Amino acid sequence: MPELPEVETIVRGLRASLIGERVSGAWIGWPRTVDCPSAPAFLHRLVGRTVMNVTRRGKFVCLGLDEGWLFVHLRMTGRLLLGPGDVHAPWRPYERARLSFGSGLELHFVDVRKFGRLYLVSSRGDVCANLGIEPLDDEFTPEALQRLLTSRRRQLKPLLLDQNVVAGLGNIYVDESLWRAGLHPLRRSDTLTDIECRRLCEATQQVLRTAISDGGTTLRDYRNADNGSGSHGDVLAVYGREGEACRRCGITILRETVGGRGTRYCPKCQPLCPSQETDEGA
DNA sequence: CACAGCTCCTGGCAGC
DNA sequence: TGCTGCCAGGAGCTGT
């Protein structure tokens, strides 16, 4: 599933090609792909707009237009693929939307599970207002993270997955960051020490930066804008490695359901002290 | 406030 | 071989 590093990789790929391009045509294959406004209004307002910038906010791809914003959320299986223009080309399998540009370039939104969404809004805040801190921004410091953690009494994993707290982390990189920081996914957020917050902050940034430099993690569905795959899957420490040996201590990686999500961790490197369990309250 | 459970979707896979 | 049915999983929502 695309998380921050995958979206960042896609954004970089799109930026090189789309800035300055004018939308000359737009089509929708699955109307519910458009979250807002209605599909007809979406098409009507989008055609004729020019792409001014391509950025990322959390897991959103943000196309800044000469008037308004086009946001894309890929959710589970969404892909944004650039291709040469061919108005008569048949739709790709699972293609849900298509944009054509003045130069002839085309952008295909392909999404097997139909969870991905497009948003055409007048201001950035219409989509991003409630999103949490960007983990690769300068403001993401150990102190800031500690404030976010200790002001809540929640399990670490669901808290880190909450886009309104930290924007951009998903199941893969939360598991990887917690392993790197040596923290149990069920650890209660308000029990972390200064040093543990610092470890988590640095681990999260390290994991994300490494993944971006690898072009993202490709497990099954992710592709970048040029339909290429990322290489980061080869170096994952825990995600998808249940039953295998921990790369640090050799103990078998476990899988548990936490907050409804499949969660992988090393029971030795990520211990849960009895006094800090979420449900025993010390 | 925290969190469990449901919804949306479909390909992939286990079980029979 | 072929069918049934379960599962993953991001995010929004409801219920407890």
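Owing to the predicted nature of the structure, the values given are computational and were not obtained by experimental measurement. No hydrogens, no waters, no symmetry mates; every other heavy atom, side chains included, goes into these values. Each chain gets a letter, A, B and so on, in the order the sequences are listed, and its residues count up from 1.
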Length of the line joining [X]:[atom1] and [N]:[atom2], which is rounded to integer Å:
| X | N | atom1 | atom2 | answer |
| --- | --- | --- | --- | --- |
| A:Asp35 | B:dC8 | CG | P | 16 Å |
| A:Arg96 | B:dT10 | CZ | P | 7 Å |
| A:Leu159 | B:dC1 | CG | P | 14 Å |
| A:Arg117 | B:dC8 | CZ | C1' | 8 Å |
| A:Met76 | B:dG11 | CE | P | 14 Å |
| A:Arg255 | C:dC7 | CZ | P | 10 Å |
| A:Gln155 | B:dA2 | CD | C1' | 9 Å |
| A:Met1 | C:dC7 | CE | P | 18 Å |

Do the side-chain N or O atoms of [X] get closer than 4.0 angstrom to the phosphate oxygens (OP1, OP2) of [N]?
| X | N | value |
| --- | --- | --- |
| A:Tyr94 | B:dG11 | yes |
| A:Arg154 | B:dC3 | yes |
| A:Tyr173 | C:dG10 | no |

Got a sec, which pairs hit ring-ring contact (aromatic ring centres under 6.0 Å, His included) with one end in residues 124-145 of chain A, sequence neighbours left out? none
Contacts of type side chain to side chain contact (heavy atoms under 4.5 Å, CB included), residue A:Ser151, not counting sequence neighbours: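 Result, side chain to side chain contact (heavy atoms under 4.5 Å, CB included) vs A:Ser151: none returned.
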Return the set of residues passing side chain to side chain contact (heavy atoms under 4.5 Å, CB included) with A:Asp66 (not counting sequence neighbours), or none when no residue passes. A:Arg49, A:Thr50, A:Met52
Partner residues of A:Tyr265 under the ring-ring contact (aromatic ring centres under 6.0 Å, His included) criterion, sequence neighbours left out: A:His184
Under the side-chain contact (heavy atoms from CB on, under 4.5 Å) rule, what do A:Leu74 and A:Val72 come out as? Steps first, then yes or no, please. CA-CA 6 Å; A:Leu74 303 169; A:Val72 182; 4.0 Å; yes
Kindly list each side-chain donor-acceptor pair under 3.5 angstrom involving residues 58-65 of chain A, sequence neighbours excluded, with atom names and distances?
{"residue": "A:Lys59", "atom": "NZ", "partner": "A:Leu169", "partner atom": "O", "Å": "3.1"}

Tell me what A:Gly262 touches on the nucleic acid: a base, only sugar-phosphate, or nothing, going by heavy atoms under 4.0 Å.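 Sugar-phosphate, no base atom in range.
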Among [options], the nucleotide that comes nearest once only the side chain of [X] is considered:
| X | options | value |
| --- | --- | --- |
| A:Val112 | B:dC9, B:dC3, B:dT10 | B:dT10 |
| A:Asn171 | B:dC3, C:dG10, B:dC9 | C:dG10 |
| A:Lys114 | B:dC3, C:dG9, B:dT10 | B:dT10 |

Report, one line per pair, each donor and acceptor closer than 3.5 Å where one atom sits in a side chain of residues 10-26 of chain A; sequence neighbours left out.
{"residue": "A:Arg12", "atom": "NE", "partner": "A:Glu8", "partner atom": "OE2", "Å": "3.0"}
{"residue": "A:Arg12", "atom": "NH2", "partner": "A:Glu8", "partner atom": "OE2", "Å": "3.4"}
{"residue": "A:Arg15", "atom": "NE", "partner": "A:Val54", "partner atom": "O", "Å": "2.8"}
{"residue": "A:Arg15", "atom": "NH2", "partner": "A:Val54", "partner atom": "O", "Å": "2.9"}
{"residue": "A:Glu21", "atom": "OE1", "partner": "A:Ser103", "partner atom": "N", "Å": "3.3"}
{"residue": "A:Glu21", "atom": "OE1", "partner": "A:Ser103", "partner atom": "OG", "Å": "3.3"}
{"residue": "A:Glu21", "atom": "OE2", "partner": "A:Ser103", "partner atom": "OG", "Å": "2.6"}
{"residue": "A:Ser24", "atom": "OG", "partner": "A:Ser100", "partner atom": "O", "Å": "3.2"}
{"residue": "A:Ser24", "atom": "OG", "partner": "A:Ser100", "partner atom": "OG", "Å": "3.1"}
{"residue": "A:Ser24", "atom": "OG", "partner": "A:Phe101", "partner atom": "O", "Å": "3.4"}

Heavy-atom pair with the smallest gap, counting every atom of A:Arg96 and A:Val112: NH2-O, 3.1 Å
By nearest heavy atom, map A:Arg32 and A:Arg152 onto DNA chain B; which one lands nearer the 5' end?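 Mapping each residue to its closest nucleotide by heavy atoms, the 5'-most match is A:Arg152.
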In B/S/- notation, 5' to 3', how is nucleotides 11-16 of chain C contacted by protein heavy atoms closer than 4.0 Å? B-----
Salt bridge (Lys or Arg N to Asp or Glu O under 4.0 Å) pairs, two or more places apart, involving residues 138-152 of chain A: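 Of all non-adjacent pairs touching residues 138-152 of chain A, those that pass salt bridge (Lys or Arg N to Asp or Glu O under 4.0 Å) are A:Glu143-A:Arg198.
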Bend angle of the helix from B:dA2-C:dT16 to B:dC16-C:dG2 from five-pair axes at both ends, rounded to 10°? 60°
Is the shortest heavy-atom distance from the side chain of A:Thr204 to the side chain of A:Arg180 under 4.5 Å?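 Not in contact.
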